[in-house]
Amino acid sequence: MLIRTSLALASYAATASATRGHRQYRKHGASTNDALLTDIDVISQYWGQIAPYQDNNDRHFGVEDVGLPDGCQIEQAHTLQRHAQRFPIDQYDDGANDERFAAKVLNFSSTHSHASFSGPLKFLNSYQYQMGESYLTGLGAATEFESGVNFWNRYGRILYDAVPGQLQYNATYQNSTARPKPVLRTTSQSRMRDSEISWALGFFGPSFYAEPMPSLDNFVNGSLFDVVVISEEGTENNTLASYISCFEESLLPYYGDEYLFFEYVPLYICNATARLNHYAPEGFRFNDNDTYAMQSICAYEHAYIGMSDFCNFFTEDEWAAFEQTLDMEYYYDYGFGHPTGRAQGLGYQQELLARLTNQYITTSNSSVNSTLTDNPSTFPLARPFYADFTHDDIIVSVLASMSLDYFHSPPSLTTYPPDPDRPFILSNLTPFGARLITEVIGCADPDPETVHNHRTQYYPTQYGYDASNAPHKFIRMRLNNGILPLETIRGGACEGRTDGMCGMEDFLASQYEAEKLANYQFACFANYTIVDPVDGRDFDGTVNNGTNGIKIGEGQITADDV
């Protein structure tokens, strides 16, 4: 297996560290005193995948030159869009723990009328849990709406050669003939479909037409776009929720959840638990899981009603550690740290490659549903943009499947406070409303001169771009606006530029090599277990029958796996 030297990655890490200062609290690391942090704008940036959306700086991931070169223009954009703010889910270290704690408080208060919480915890005497499970919240809908507007502003205007003052997509060309309908894809979960609806309201713009349409007739009748809903109800293939067809928890546990709940939470939260118990009445005692639930409820109540009384009880170090628990959960459940990390991202990676090369996928060796990818109605080709609505874990898995080694950096299971300059920080990767965008850029020059600073593209030909003379195609990717260092893709095919751009053929070559590493059939379906896994073990997102420490049981093993 070819692994790039650490020198280039170290260079990117150093550059990225210098660019993270736009979040001021991370300039010098987390605080080292015991002062409680009360600034919610700072606190909320430690919430990992349940943090509110915030753009990364263009240079956040270490790319130096962030302007689009002369003679170049974005010709196509693919967005892998995460749903936005939602209620907690029923996982034992998420909503289930939050609900358990809230029930514990309510049960105590209702059966101990003469005992009460004191000081800053007085609100618990009458507190009742108000959240549901899993559904998109109103704030989540607003986040997705804004994302749709931003996608139009950054990409739609240029891709559709908008006229001055045009606020949204127009379904007809300037000669009044109809455009091919855009196709949006989503999964069947409620929060996914509602995210797609809200995003579409922003991009297609019926809420701010020059001639208002209060009934939204031109929107709800489907005249502007088509939607493909891919089911999450069974175990059928679904690249936007690939875990349903590639994971057996009884054989292969969620390592990250176990690491965070049983190892790291007790490591960092005991002092906070002791502080809270100072205000607890006789007969009630906070345990570490209760304290962790208070941090989680703080974040989720802000995602629901925009406020919470649970937020002001922790130091900055403790909030930074809360985020570290979420980092390790996703790295070791869905990223390089899990044996199926690459396999879970492989399907979308293959769909992206198919779209880039204008090919249908007629047979599947991954989570691709080939009944949907083999025809133009559900998998159209050569479109200006694609929008797919997915979950946070899929974005993490895609980064692993692509072999983007910048993110091959395991979160520490023992370091407290955590390193503020670690590359894998979920609030930068998959906050609510996260988006992984692949840009196809056409250029006149095969090696265009880099441009150091960002510059706004007001219209397609502003900096010398000519669609009839742009034969050289490049790929550039953004994660929440930050340009990804494609130079760190394993194998070195994309090395040589400082602006994150990789020649199309080089990018395709790198990805055809990367997709082989997923070993999908074995990783997802072979009958194997991990024997005595070592804490923090990094599987490089894959597994085969030669992986140390696995036990193979009865089951099919193909020749490719030997």
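The figures here come from the full heavy-atom set of this structure, side chains too, leaving out hydrogens, waters and symmetry mates.
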Practice prompt. Show the numbers, then the answer: is there a salt bridge (charged side-chain N to carboxylate O under 4.0 Å, His left out) between D290 and R285?
Written response: CA-CA 9 Å; D290 297 333; R285 279 295 173 265; over 6 Å; no

Are the side chain of [X] and the backbone of [Y] linked by a donor-acceptor contact shorter than 3.5 Å?
{"X": "T137", "Y": "G140", "value": "yes"}
{"X": "S147", "Y": "T143", "value": "no"}
{"X": "R100", "Y": "A96", "value": "no"}
{"X": "N107", "Y": "K104", "value": "no"}
{"X": "S308", "Y": "C311", "value": "no"}
{"X": "D226", "Y": "S377", "value": "no"}
{"X": "R355", "Y": "L352", "value": "no"}
{"X": "R435", "Y": "G433", "value": "yes"}
{"X": "S397", "Y": "Y334", "value": "yes"}
{"X": "T291", "Y": "N287", "value": "yes"}

Could you tell me whether the side chains of [X] and [Y] share a donor-acceptor contact shorter than 3.5 Å?
{"X": "T239", "Y": "E351", "answer": "yes"}
{"X": "S188", "Y": "E232", "answer": "no"}
{"X": "T315", "Y": "D34", "answer": "no"}
{"X": "E316", "Y": "Y46", "answer": "yes"}
{"X": "S427", "Y": "E323", "answer": "yes"}
{"X": "Y243", "Y": "D393", "answer": "no"}
{"X": "S401", "Y": "Q349", "answer": "yes"}
{"X": "R82", "Y": "S195", "answer": "no"}
{"X": "S366", "Y": "Q350", "answer": "yes"}
{"X": "D55", "Y": "H60", "answer": "no"}
{"X": "Q91", "Y": "D257", "answer": "yes"}
{"X": "T390", "Y": "Q81", "answer": "no"}
{"X": "D540", "Y": "T542", "answer": "no"}
{"X": "D288", "Y": "T273", "answer": "yes"}

Checking I297 against Y127 for the side-chain contact (heavy atoms from CB on, under 4.5 Å) test, could you report, in this order, the C-alpha distance in whole Å, the side-chain angles of both residues, the deciding distance, and whether it holds?
CA-CA 12 Å; I297 292 172; Y127 176 75; 3.9 Å; yes

From CA spacing to verdict: side-chain contact (heavy atoms from CB on, under 4.5 Å), E133, I89: CA-CA 5 Å; E133 284 188 358; I89 57 177; over 6 Å; no

Just so I know, are the side chains of [X] and [Y] near enough to count as touching, which here means a heavy-atom distance under 4.5 Å?
{"X": "T378", "Y": "T373", "result": "no"}
{"X": "L404", "Y": "L484", "result": "yes"}
{"X": "W47", "Y": "C298", "result": "yes"}
{"X": "E233", "Y": "Q189", "result": "no"}
{"X": "L124", "Y": "F108", "result": "no"}
{"X": "S242", "Y": "I394", "result": "yes"}

E146, CD: over 12 other non-hydrogen atoms inside 6.0 angstrom:
no

### Query
What do you reckon, is OH of Y135 surrounded by more than 12 foreign heavy atoms closer than 6.0 Å?
no

Nearest non-hydrogen partners of [X] and [Y], listed with the distance:
{"X": "P431", "Y": "P52", "value": "CB-O, 4.0 Å"}
{"X": "N428", "Y": "N480", "value": "O-ND2, 2.8 Å"}
{"X": "S44", "Y": "D41", "value": "OG-O, 3.4 Å"}
{"X": "P384", "Y": "L159", "value": "O-CD1, 3.4 Å"}
{"X": "Y264", "Y": "L413", "value": "CD1-O, 3.2 Å"}
{"X": "P88", "Y": "M131", "value": "CD-SD, 4.0 Å"}

Checklist entry - What residue among F225, F151, Y169, W152 forms ring pair (Phe, Tyr, Trp, His ring centres under 6.0 Å) with F385? => result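 Exactly one pass, corresponding to F151.
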
Only one of F87, F432, Y129 passes ring pair (Phe, Tyr, Trp, His ring centres under 6.0 Å) with Y304, and that residue is F87

Notebook entry, point to check: Does a side-chain N-to-carboxylate-O contact under 4.0 Å join R154 and E439?
Noted result: no

Parallel, tilted or perpendicular: which describes the rings of [X] and [Y], with under 30° parallel and over 60° perpendicular?
{"X": "F203", "Y": "W199", "answer": "parallel"}
{"X": "F336", "Y": "Y331", "answer": "tilted"}
{"X": "Y416", "Y": "Y268", "answer": "tilted"}
{"X": "Y520", "Y": "F525", "answer": "perpendicular"}
{"X": "W319", "Y": "F314", "answer": "perpendicular"}
{"X": "Y255", "Y": "H338", "answer": "tilted"}

From [X] atom [atom1] to [Y] atom [atom2], the distance as rounded to the nearest 0.5 Å:
{"X": "L184", "Y": "K181", "atom1": "CG", "atom2": "NZ", "value": "11.5 Å"}
{"X": "I437", "Y": "I483", "atom1": "CD1", "atom2": "CD1", "value": "11.5 Å"}
{"X": "N237", "Y": "S364", "atom1": "CG", "atom2": "OG", "value": "5.0 Å"}
{"X": "T187", "Y": "D388", "atom1": "OG1", "atom2": "CG", "value": "11.0 Å"}
{"X": "H112", "Y": "N125", "atom1": "NE2", "atom2": "CG", "value": "12.5 Å"}

* Can you check side-chain contact (heavy atoms from CB on, under 4.5 Å) on M477 and M402, steps first, answer last? -> CA-CA 12 Å; M477 300 185 74; M402 289 178 59; 3.3 Å; yes

message = Ring centroids only, cut at 6.0 angstrom: are F539 and Y332 within range, meaning strictly under it?
response = no

* Does the separation of the ring centres of F322 and Y292 fall below 6.0 angstrom? -> yes

The test is side-chain contact (heavy atoms from CB on, under 4.5 Å); show your working for R191 and E144 and say whether it passes.
CA-CA 11 Å; R191 65 181 179 270; E144 291 295 335; over 6 Å; no

Within 45° of the axis and under 6.0 Å from the centre of the six-membered ring of Y300, does NZ or CZ of R86 qualify?
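Cation-pi check for R86 and Y300: fails.
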
